[in-house]
Q: 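Quick one: structure below, then a few questions.
Source: prediction; values computed, not measured.
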Amino acid sequence: MSSKTILVVDDDAKMRRLLRRCFEGEGFDVAEASTEVDVLNVLRSNDICLITLDISLPGESGLVIARDVRQSFDVPIIMITGRDDVIDRVVGLEVGADDYITKPFHVREVVARVRALLRRAEGKTVPLQSKPKHAPKGRAIAFDGMSADPDTFELRDRDGKITDLTSGDFQLLTLFLDHPKRVLSRDQIMSMLKGTEWAPLDRTVDNKVARLRKKIERDPNHPRLIKTVRGIGYSFAADVFVETSVS
């Protein structure tokens with residue numbers, strides 16, 4: 001089996017070299033990038049299992065890069081920050097980062113966080129060949145004027161246009177469509193998404209829900225489809241039904 005490849009994104013060559021040695025010593029392959037263009041090129045041409053992304057990059061910031069990456073790629077992202085700033089951490093999580101590490105850090109902490117995040121991510125990507133079991137073949141699931149097709153992994157918006165969803169987005173949407181108007185705890189969601197490990201303060205579920213809301217809610221700032229159940233988790237509030245045919 002080939003080694004997993006981590007993409008290290010930092011404009012500091014010394015930091016890239018440090019992380020490269022750290023990850024290669026743990027059996028990972030390493031790719032490097034210092035700009036958003038490089039990041040996207042690497043992601044398009046390589047099978048990347050995880051990204052470490054410095055938040056303070058010249059030009060486009062790490063926050064912008066994380067947001068742009070998340071729109072097209074369902075790959076775990078660990079932000080590396082130069083200061084323990086709550087605002088940076090919150091914004092980073094909101095734009096799609098899965099975890100963060102504050103400089104200065106110990107390489108063992110980096111390795112531990114990488115391995116923990118990879119364990120949570122294992123098995124959550126849905127192969128394009130597989131199909132959700134809730135709908136008969138050739139049927140789409142409709143909700144709030146939108147239509148999700150399990151056979152093609154496509155979501156059509158309220159104007160009939162295909163909405164760009166990552167496999168992770170579609171899997172989470174499928175989970176909610178399978179359990180409409182039922183309160184799902186974060187533990188249940190992680191279990192159903194085959195996430196084996198997470199901590200109570202882990203924002204993985206919340207980040208995924210926030211990303212999906214941006215794709216399906218009429219107003220993501222005032223969600224009406226995916227409702228937050230404070231202290232528990234989330235509930236999909238819309239009526240869901242199987243269409244008789246797919247256009």
Q: Would you please test Arg70 and Asp98 for salt bridge (charged side-chain N to carboxylate O under 4.0 Å, His left out) and show each step?
A: CA-CA 11 Å; Arg70 185 56 69 220; Asp98 298 282; 3.2 Å; yes
Q: Answer yes if the ring centres of Phe143 and Phe236 are under 6.0 angstrom apart, and no otherwise.
A: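 Centroid distance Phe143-Phe236: below 6.0 Å, so yes.
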Q: In sequence, state the C-alpha distance, the side-chain angles, and the governing distance for Arg158 and Asp144, and then conclude on salt bridge (charged side-chain N to carboxylate O under 4.0 Å, His left out).
A: CA-CA 8 Å; Arg158 297 169 184 90; Asp144 195 49; 2.6 Å; yes
Q: With a 4.5 Å cut-off on side-chain heavy atoms, are Asp10 and Arg17 touching?
A: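 A side-chain contact under 4.5 Å is absent here.
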Q: For the OG1 atom of Thr166 and the CG atom of Asp169, what is their distance to the nearest 0.5 Å?
A: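 Thr166 OG1 to Asp169 CG: 3.0 Å, rounded to 0.5 Å.
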Q: Rounded to the nearest 0.5 Å, how far apart are OG1 of Thr81 and CG of Leu53?
A: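 That separation rounds to 11.0 Å.
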Q: Take a 6.0 Å sphere around CG of Asp47 and say whether it holds more than 12 heavy atoms from other residues, nucleotides or ligands.
A: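 It does not: Asp47 CG has 12 such atoms or fewer within range.
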Q: Contact between Leu212 and Glu217 at the side-chain level, heavy atoms closer than 4.5 Å - yes or no?
A: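 Result no, sub-4.5 Å side-chain heavy-atom pair not found.
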Q: So Met146 and Thr163, do their side chains get closer than 4.5 Å, heavy atoms only?
A: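 Side-chain contact under 4.5 Å: yes.
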Q: With distance as the sole criterion, is a donor-acceptor pair present between the side chains of Ser72 and Arg44 under 3.5 Å?
A: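 The answer is no; no qualifying pair exists.
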Q: Rounded to the nearest 0.5 Å, what's the gap from CG on Leu18 to CG on Asp12? Could you check?
A: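 Taking CG in Leu18 and CG in Asp12, the distance rounds to 9.5 Å.
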Q: In Å and rounded to the nearest 0.5 Å, what is the CG to CZ distance from Asp206 to Arg211?
A: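 Those atoms lie 11.0 Å apart.
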Q: With a 4.5 Å cut-off on side-chain heavy atoms, are Val240 and Asp178 touching?
A: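 Of all side-chain heavy-atom pairs linking Val240 with Asp178, none is under 4.5 Å.
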Q: Distance check, rounded to the nearest 0.5 Å: Ile80 atom CD1 versus Ile51 atom CD1?
A: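 If we round to the nearest 0.5 Å, Ile80:CD1 and Ile51:CD1 are 11.5 Å apart.
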Q: Could you check whether any side-chain heavy atom of Leu50 comes within less than 4.5 Å of a side-chain heavy atom of Phe28, counting everything from C-beta outward?
A: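 The answer is no, as the side chains (C-beta and beyond) never meet within the 4.5 Å cut-off.
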Q: Any non-hydrogen side-chain atom of Ile216 less than 4.5 Å from a side-chain atom of Ile226?
A: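 In short, these two side chains touch, coming nearer than 4.5 Å.
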Q: Does the salt bridge (charged side-chain N to carboxylate O under 4.0 Å, His left out) test come out yes or no for Glu26 and Lys4, once each step is laid out?
A: CA-CA 11 Å; Glu26 295 293 323; Lys4 293 181 178 179; over 6 Å; no
Q: Check this for me: does any side-chain nitrogen of one of Asp149 and Arg156 sit under 4.0 Å from a carboxylate oxygen of the other?
A: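 Looking at Arg156 together with Asp149, the answer is no, because their closest N to O distance does not fall below 4.0 Å.
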Q: So, do Ile77 and Val69 sit near enough that their side-chain heavy atoms are less than 4.5 Å apart?
A: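 Yes, close enough: below the 4.5 Å cut-off.
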Q: Working to the nearest 0.5 angstrom, can you tell me the gap between Thr52 OG1 and Arg20 CZ?
A: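 It is 11.0 Å, given to the nearest 0.5 Å.
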Q: If you apply the rule salt bridge (charged side-chain N to carboxylate O under 4.0 Å, His left out), what do you find for Lys181 with Asp239, and how did you get there?
A: CA-CA 8 Å; Lys181 300 185 178 180; Asp239 292 322; 2.4 Å; yes
Q: Less than 4.5 Å apart, side chain to side chain, heavy atoms only: is that true for Ile55 and Ser61?
A: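 They are not in side-chain contact.
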